[in-house]
**Student:** 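Next up is a structure, given as structure tokens.
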Amino acid sequence: MSYADLETLGKKLESIEHAISILSADEATNMPVGGGEKRAESVSYLYGLRHETATAPEIADWIAKAESEDLSDDQKLAVSEFQRTYTNATCLPTDFVRRKSQAEMRSEQLWRDLRAKNDWANFAPALEGVVALAREEAQMRADRLGLAPYDALMEQFDPGNRMADVAPVLEKLKTFLVDFVPEALDAQERRYAKRPAKTVEGPFPIEKQRELGLSMMQALGFDFTHGRLDVSHHPFCGGVPTDVRMTTRYRTDEFLTALMGVLHETGHALYEQGLPKDLSHMAIGQARGMAMHESQSLFVEQQLAHAPQFWHWAMPIVARHLGEDALKGWEIEDVVAEVNKVQRGFIRVDADEVTYPLHVILRFELEQALISGALEVVDLPEAWDAKMTEYLGLSTIDNPKDGPMQDVHWSGGAFGYFPSYTLGAMLAAQQWQAIEKARPSVLDEISNGDFSGVNAWRSENVWSQGSRYSTPDLIKRATGSTLDPDIFIAHLKKRYG
């Protein structure tokens, strides 16, 4: 049976992906600096091996024969998804995949060192190499898939999403936010006039913060027999569903940065751990793209952990781990005001729910220009500064570490990824609206620390579905409608207006 051949192949690919994922997670958390060159060689070899395995010419025959076999509905969908991933994999030759993966890993290692030094001059040549490879990849994929180059890159992160659909949604959101940010800041000042903002300062020992994060992860449903929490330069969730590797980063002068990072990455982890285990070796059993992935992390971070009901449950736990004295009289109202604080800032990962999409839209617009050739790396600092000034009133012209060196994505070759963050925020709001309709008592459940209801809904409608459907189809099946930016806009107006 050719379907059986595809399953055997899927298990081989799963094993290779497992090795790549764990080596990559270790590289970001535990690997000594001197191991970087050899690690890059090893991982690039595995990427090449995976690519060779996934593009073997006989696979096309297996797919064709499987399509004529007597298969279950899930098996038919699995074959269809295998066809999609096979077509995408065969867009690129193996030597290009190895060359690209090695360049990206070395560029990412260089980024970790040079960003801290604010050294754009020495980083730019490495980024130029990565951009050149990304343009080459985009064109090869576009030629094979019949898509525009940037659409071909987005397809790798969010199958089914296209610029024709995404760009108008983000443009509408940008237009709203440029006007709404000042309104939200004014509304915030009026709230502060009634209840002045309180600050709480450490030191908050890292070990106590870690234990707090672990307790929150457990309450939210994280399975510690299949995952762990570590520290990295940039918070991430990696590994594989049976061995999820989550990270955060700590500051001793405050605790919310690390905690919100943990909550965000826990959302990713719950998705991975909730995928259909019996299909883990097939593409259909894997996560449906990064917009959906980000919707799961932002659901936890923004829809749950920004709500007063969440902190009604969480504040006693925070006090138990950090100490009542350390909180200096901070009450639920104070922490809710702090996590929902609107503030123009340079750093995307530290941005609030209102300004965050503008950070993403800025990157979305710039990376389109980089891929098309309309913008060169040498001109990136000025282009970044112009948009940052226009959208958020802040200049980064002499501060590249908080400008085009800020994120790891471009150094790692992840062009086409950034839209997923804001699409994910909108999808999270849309899922929350659907859950509130399905579970009218959901806020009371959260207030009591009961997340079983929201997890059950997400498991049924998102996690367990894997990649059975495209991103647009999955969200329509889950919520009853395709992506609707007006739901997210209404959410922002209600919370911050």
Side-chain angles (χ1 to χ4, degrees), residues 181 184-220 222 229-235 246-267 297-298 300-356 359 392 394 402 443 446-449 451 492 495-496:
V181 168
L185 288 168
D186 287 344
Q188 180 172 262
E189 287 304 311
R190 291 193 294 272
R191 289 192 292 271
Y192 284 158
K194 296 177 181 178
R195 184 185 179 93
K198 294 182 182 179
T199 58
V200 60
E201 297 180 356
F204 298 105
I206 288 175
E207 189 54 39
K208 288 186 177 182
Q209 291 191 59
R210 173 178 164 77
E211 292 300 322
L212 171 61
L214 293 173
S215 69
M216 293 285 183
M217 290 166 63
Q218 183 174 36
L220 286 164
F222 184 88
L229 175 67
D230 291 299
V231 177
S232 67
H233 290 274
H234 193 99
M246 255 180 62
T247 71
T248 191
R249 55 187 175 190
Y250 297 99
R251 292 170 48 178
T252 57
D253 61 323
E254 54 93 12
F255 69 90
L256 281 173
T257 296
L259 180 57
M260 298 306 282
V262 166
L263 295 171
H264 179 97
E265 302 306 337
T266 298
S297 61
L298 292 170
V300 173
E301 180 190 359
Q302 295 181 350
Q303 298 301 320
L304 295 184
H306 282 210
Q309 291 80 3
F310 178 89
W311 290 101
H312 181 272
W313 161 75
M315 278 301 281
I317 299 173
V318 173
R320 184 166 71 246
H321 283 279
L322 302 183
E324 291 280 2
D325 292 342
L327 294 181
K328 299 179 176 66
W330 236 25
E331 299 177 357
I332 292 172
E333 293 84 355
D334 301 312
V335 73
V336 169
E338 184 64 22
V339 298
N340 289 309
K341 183 178 181 180
V342 180
Q343 186 174 15
R344 294 184 177 96
F346 292 104
I347 308 301
R348 175 185 63 84
V349 296
D350 294 337
D352 56 83
E353 194 177 10
V354 176
T355 61
Y356 188 99
H359 288 270
L392 287 165
L394 300 170
D402 292 338
L443 288 175
I446 292 168
S447 185
N448 293 319
F451 302 99
L492 294 179
R495 181 174 280 179
Y496 299 98

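As the structure is a prediction and not an experimental result, all values here were calculated from the model.
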**Student:** Met260 and side-chain contact (heavy atoms from CB on, under 4.5 Å): which partner among Leu263, Thr257, Val262?
**Tutor:**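 Only one option passes, and that is Leu263.
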
**Student:** Tell me, do Arg195 and Asp334 make a side-chain contact under 4.5 Å, heavy atoms counted?
**Tutor:**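 Arg195 reaches Asp334 side chain to side chain.
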
**Student:** Can you tell me how far apart OG1 (Thr266) and CG (Leu214) are? Round to the nearest 0.5 Å.
**Tutor:** 9.0 Å

**Student:** State whether the number of non-hydrogen atoms from other residues, nucleotides or ligands found under 6.0 Å of Glu211 atom CD is greater than 12.
**Tutor:**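 Result for CD/Glu211: enclosed.
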
**Student:** Any idea which heavy atoms bring Gly202 and Lys328 closest together, and the distance?
**Tutor:**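 Here Gly202 and Lys328 meet closest at O-NZ, 4.4 Å.
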
**Student:** Heavy-atom distance under 4.5 Å between the side chains of Leu229 and Met246, does that happen here?
**Tutor:**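 Yes, at least one pair of side-chain atoms sits under 4.5 Å.
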
**Student:** Hey, mind stepping through Glu265 and Thr248 against side chain to side chain contact (heavy atoms under 4.5 Å, CB included) and telling me if it holds?
**Tutor:** CA-CA 8 Å; Glu265 302 306 337; Thr248 191; over 6 Å; no

**Student:** For residues Arg495 and Ala307, report the shortest heavy-atom separation together with the two atoms involved.
**Tutor:**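 Nearest pair, atom of Arg495 first, then Ala307: NH2-N, 4.2 Å.
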
**Student:** Please check: side-chain N/O of Glu353 versus main-chain N/O of Val339, any donor-acceptor pairing under 3.5 Å?
**Tutor:** no

**Student:** Below 4.5 Å, heavy atoms only, C-beta onward: do His264 and Pro235 meet side chain to side chain?
**Tutor:** no

**Student:** Kindly give the heavy-atom pair with the smallest separation between Ser447 and His312, and that separation in Å.
**Tutor:** OG-ND1, 3.0 Å

**Student:** First locate atom CD1 of Ile317, then atom CG of Leu259, and finally report the distance between them rounded to the nearest 0.5 Å.
**Tutor:** 10.0 Å

**Student:** For a side chain to side chain contact (heavy atoms under 4.5 Å, CB included) check, start with the C-alpha distance between His359 and Leu392, then their side-chain angles and the critical distance, and finish with the verdict.
**Tutor:** CA-CA 9 Å; His359 288 270; Leu392 287 165; 3.5 Å; yes

**Student:** Tell me if the CD atom of Glu333 is crowded by more than 12 foreign heavy atoms within 6.0 Å.
**Tutor:**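 Atom CD in Glu333 is packed in, count exceeds 12.
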
**Student:** So, the side chain of Glu254 versus the backbone of Leu256: is there a donor-acceptor pair under 3.5 Å, distance only?
**Tutor:**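 Such a contact is found between Glu254 side chain and Leu256 backbone.
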
**Student:** Check step by step if side chain to side chain contact (heavy atoms under 4.5 Å, CB included) holds for Trp330 and Lys198.
**Tutor:** CA-CA 7 Å; Trp330 236 25; Lys198 294 182 182 179; 3.6 Å; yes

**Student:** Just verifying a value: how many Å separate Ile446 CD1 and Gln309 CD, rounded to the nearest 0.5 Å?
**Tutor:** 7.0 Å

**Student:** Any side-chain heavy-atom pair from Met315 and Leu327 closer than 4.5 angstrom?
**Tutor:**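 Yes, at least one pair of side-chain atoms sits under 4.5 Å.
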
**Student:** For residues Val231 and Thr247, report the shortest heavy-atom separation together with the two atoms involved.
**Tutor:** C-CB, 4.2 Å

**Student:** Relative to each other, are the rings of Phe451 and Trp313 parallel, tilted or perpendicular (30° and 60° limits)?
**Tutor:** perpendicular

**Student:** Determine whether more than 12 heavy atoms belonging to other residues, nucleotides or ligands lie under 6.0 Å from atom CG of Asp325.
**Tutor:**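 Not buried by this count: 12 neighbours or fewer within 6.0 Å.
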
**Student:** Ignoring hydrogens and angles, tell me if any N or O in the side chain of Trp311 forms a donor-acceptor pair with the backbone of His306 under 3.5 Å.
**Tutor:** no

**Student:** Do Ile206 and Thr252 have side chains that get closer than 4.5 Å, going by heavy atoms?
**Tutor:** yes

**Student:** For a quick test of reading the model, state the closest non-hydrogen atom pair linking Arg191 to Ala184 and the distance between them.
**Tutor:** NH2-O, 4.5 Å

**Student:** Start with the C-alpha distance between Val318 and Met216, add both sets of side-chain angles, then the distance that settles side chain to side chain contact (heavy atoms under 4.5 Å, CB included), and finish with yes or no.
**Tutor:** CA-CA 9 Å; Val318 173; Met216 293 285 183; 4.2 Å; yes

**Student:** First locate atom CZ of Arg344, then atom CG of Asp352, and finally report the distance between them rounded to the nearest 0.5 Å.
**Tutor:**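 CG of Asp352 is found 10.5 Å from CZ of Arg344.
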
**Student:** Quick one: ring pair (Phe, Tyr, Trp, His ring centres under 6.0 Å) pairs with a partner in residues 192-211, sequence neighbours left out?
**Tutor:**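 Output for this query lists Phe204-Phe255.
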
**Student:** Could you check whether any side-chain heavy atom of Gln188 comes within less than 4.5 Å of a side-chain heavy atom of Leu185, counting everything from C-beta outward?
**Tutor:**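 Yes, at least one pair of side-chain atoms sits under 4.5 Å.
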
**Student:** Determine, step by step, whether Tyr356 and Gln302 satisfy the side chain to side chain donor-acceptor pair (under 3.5 Å) criterion, reporting the C-alpha distance in whole Å, the side-chain angles of both residues, the deciding distance to 0.1 Å, and the verdict.
**Tutor:** CA-CA 12 Å; Tyr356 188 99; Gln302 295 181 350; over 6 Å; no

